Asks: 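Questions regarding the structure given below will be posed in turn.
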Amino acid sequence: EDVLSLVVLVRKNAYSHRADIEFVTGLANYFATQLKLADMDKQRENLRRAEIRALQSQINPHFLYNSLSYIVTVADNPKAVTEMAVHLAGYYRHCTRSRSVTTIGEEVQYAKAYLSVMAMRKRMEYSISMTEDLENIPIIPLILQPIIENAVEHAIEERENAKHVHVKIYRLPDSTVRFEISDDGNGLSEEDAQRLLWSLNQKERDENESVGLWNVNQRLINYYDKSAGLRFGRSIWGGLSVSFTILPRERDNEAVDCG
């Protein structure tokens, strides 16, 4: 009977020892997994910061030179000089910020500053349509302006009498938010639009394609998913309409050191 009790006790202790090992092993694996996930999140965040810095470094220096030249030509018109200076200050205040996440409202203000400068220089017209309830929705930065800049360069500047750029932002029934940037330029044929989309979806940029559009498309896909990528269609004026749709992600804005 004593022997039987001893065997039972040994078995219980052995079982308890195995359970402890399994528990500790499971706990170790859990923490290891969490550390790996944290490291992946950090790597993704570092990648987003690098992408933003890369896009900032590609800001066209001619934009500033041409805007300053405009100021010189209207030096005898203090109101025009002041107006241009205010728009330029707003533009550079936004584009030199380094944030991994901003808001739709901030993006619109940045786009408006750019369009205001170009409207004075190019005698073009623009409009922005957005409901107030969308202003505080988080979004990755430097998304709208590169698309608008592409519209100015390839529509307003390339087609005689082209002068319209319209930005429309609205919520769809499925809670996604759609952005549409339309112009009255020459537009693209269906074949050219498909070729451009294929090129923008490549991991390596074609040197002949727009840096801004490729960067925006890649960042939309990487941060949201493939469905958020750029789409091309025909605008109400017969020009080009560039659009993308995102499902907003709740995330606090995080400032990033520009150094």
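The structure presented is a predicted model; accordingly, all values stated were derived computationally and were not measured.
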Asks: Using a strict cut-off of less than 4.0 Å between a Lys/Arg side-chain nitrogen and an Asp/Glu carboxylate oxygen, indicate whether Asp133 and Arg171 qualify as a salt bridge.
Replies: yes
Asks: Does the side chain of Ile140 come within less than 4.5 Å of Tyr224's, by heavy atoms?
Replies: yes
Asks: Counting only N and O atoms by type, is there a donor-acceptor contact under 3.5 Å from the side chain of Asn222 to the main-chain atoms of Gln218?
Replies: yes
Asks: List the atom of Leu220, the atom of Ala228, and the distance in Å for their closest heavy-atom pair.
Replies: CD1-O, 3.5 Å
Asks: For a 4.5 angstrom cut-off between non-hydrogen side-chain atoms, does Val108 reach Leu134?
Replies: no
Asks: Any heavy-atom pair between the side chains of Tyr223 and Ile246 that's under 4.5 Å?
Replies: no
Asks: List the atom pairs, donor and acceptor, that lie under 3.5 Å between side-chain atoms in residues 237-245 and the rest of the protein, sequence neighbours left out.
Replies:
residue: Thr245; atom: OG1; partner: Arg178; partner atom: NE; Å: 3.1

Asks: Do Val152 and Tyr114 have side-chain heavy atoms sitting under 4.5 Å apart?
Replies: yes
Asks: Is any side-chain heavy atom of Leu197 closer than 4.5 Å to one of Phe232?
Replies: yes
Asks: How long is the straight-line distance from CG of Leu144 back to CD1 of Ile104, given to the nearest 0.5 Å?
Replies: 8.5 Å
Asks: Please examine the side chains of His166 and Asp184, heavy atoms only from C-beta on, and report whether any two atoms are closer than 4.5 Å.
Replies: no
Asks: Nearest heavy-atom pair of Asn215 and Arg219: which atoms, and what distance?
Replies: OD1-CD, 2.6 Å
Asks: Is there side-chain contact between Val177 and Pro248, with at least one heavy-atom pair below 4.5 Å?
Replies: yes
Asks: Would you mind listing the cluster partners of Leu172? Hydrophobic ones only (ILVMFWY), side-chain contacts under 4.5 Å, chaining allowed.
Replies: Tyr170
Asks: Roughly how far, to the nearest 0.5 Å, is the NE2 atom of His154 from the CD atom of Glu149?
Replies: 9.0 Å
Asks: Got a donor-acceptor contact below 3.5 angstrom from the Glu107 side chain to the Thr102 backbone?
Replies: no
Asks: May I ask you to say whether Glu180 pairs ionically with Lys168, meaning some side-chain N is under 4.0 Å from a carboxylate O?
Replies: no
Asks: Mind listing the closest non-hydrogen atom pair of Glu135 and Met130 along with its distance?
Replies: CG-CE, 3.4 Å
Asks: Considering all heavy atoms of both residues, which atom of Glu153 and which atom of Glu158 are nearest to each other, and what is their separation?
Replies: O-CG, 3.5 Å
Asks: Suppose the criterion is side chain to side chain donor-acceptor pair (under 3.5 Å): which pairs have a residue in residues 226-235, not counting sequence neighbours?
Replies: Asp225-Ser227
Asks: Do Leu213 and Ile147 have side chains that approach each other closer than 4.5 Å (heavy atoms only, starting at C-beta)?
Replies: yes
Asks: Identify, with sequence neighbours excluded, every residue that meets side chain to side chain donor-acceptor pair (under 3.5 Å) alongside Tyr126.
Replies: Ser116
Asks: Could you tell me which non-hydrogen atom of Gly229 sits nearest to which non-hydrogen atom of Ile221, and how far apart they are?
Replies: CA-CG1, 4.0 Å
Asks: Which atoms form the tightest heavy-atom contact between Ile139 and Thr103, and what is the distance?
Replies: CG2-C, 3.6 Å
Asks: Roughly how far apart are Asn150 CG and Ile181 CD1, rounded to 0.5 Å?
Replies: 10.0 Å
Asks: Apply side chain to side chain donor-acceptor pair (under 3.5 Å) to Gln202 and list each qualifying residue two or more places apart in sequence or on a separate chain.
Replies: none
Asks: Please list, chain by chain and in numerical order, all residues satisfying salt bridge (Lys or Arg N to Asp or Glu O under 4.0 Å) with Glu157, sequence neighbours excluded.
Replies: Lys122
Asks: Distance check, rounded to the nearest 0.5 Å: Lys163 atom NZ versus Asp183 atom CG?
Replies: 14.5 Å
